[in-house]
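A short write-up of the structure that comes next.
Residues: numbered from 1 along the sequence shown. Counting convention: from 1, in listed order, for ligands and their atoms alike.
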Amino acid sequence: MKIYVSVDMEGIAGIALPEQLKRGDYFYQESRQLLTRETNAVVEALLEAGATEIIVKDAHASGFNFVPDLLHPGATYCMGATRLSERFPGLDSTFDGAFLIGYHGMAGTERAVRDHTFSSASYQYLKLNGKLVGEIAIDAHLFGRHGVPVLLVTGDDATCREAEATLDGVAVYETKRAVGRHAALMKAPQQVRQELREAVQKAILQQDRCKPYVIEGPYELVVRYASTDIAERKGGDGDRSVKLNGYEVLFQDDDLIRVLGRGM
Ligand SMILES: [Zn+2]
């Protein structure tokens, strides 16, 4: 059994503040340890559940957040920046499933720890074919187009709700309950690591419920930028992009990666 694990940082147990998420900030080094230990718990549980090959992608910011020497030896780790067109290196249709660990609610979600879609500084929201989308839907599509279903999503309660509303049959595990964008009722990270064993086991046992998630084209992407400045730079090239108002630009394309690349 081959499983691809994508790990973000906002939904990891013990994390709620911006100072925990950015390289150079006061609490960041501690967060790397929390991230690495929670990732290890998932790898350990996957091996127990019968996984024979595991690739783990560090999907937060620069893609270099794990503490290398603490990583569980039972997986291969993708670290460093990758382009959207190759967001999950090594992924192909031989994988049986994907996990999204430590994820977060899409931009604009109320009471969600660090709600955003790729960047709070750049985007207020992304709408694809009329529907708001976040990283859960986009990443699930990137796996789905290889025929790989997402089996488990973890993060705060808003993340779990968004995953269940997007992906039929997916298993979810709540690491914390959001009280605000930078506040949460937390489970102790050690408890989360223990409970993850059961969550992983359950997700693997229920994998037949999940289907690859694909957003069908052609694509109409509306991006509401964080400032009129960014919208001005991005929009109105006259070629399949239309400026809708000061903040919003519409992009059209048959290819999802291309349309996202143009909008982002
Ligand atoms: Zn992140």
Open item on the list: Under the rule for ring pair (Phe, Tyr, Trp, His ring centres under 6.0 Å), what residues qualify as partners of Y4, not counting sequence neighbours?
Closed with: F88, F95, F143
- [ ] State whether a side-chain donor-acceptor pair under 3.5 Å links K57 with T82.
- [x] yes
- [ ] Sorted by first residue and then second, give each salt bridge (charged side-chain N to carboxylate O under 4.0 Å, His left out) pair with at least one member in residues 198-211; sequence neighbours left out.
- [x] none
- [ ] Under the ring pair (Phe, Tyr, Trp, His ring centres under 6.0 Å) rule, collect the residues that match up with H116, sequence neighbours excluded.
- [x] H104
Open item on the list: Between K2 and E53, does any NZ, NE, NH1 or NH2 come within less than 4.0 Å of an OD or OE carboxylate oxygen?
Closed with: yes
Open item on the list: Are more than 12 heavy atoms, taken from residues, nucleotides or ligands other than K234, located less than 6.0 Å from that residue's NZ atom?
Closed with: yes
Task: Protein N, O or S atoms lying under 2.8 Å from the Zn ion (ligand 1), listed by chain and number - done: D8 OD1, E10 OE1, E10 OE2, H60 ND1
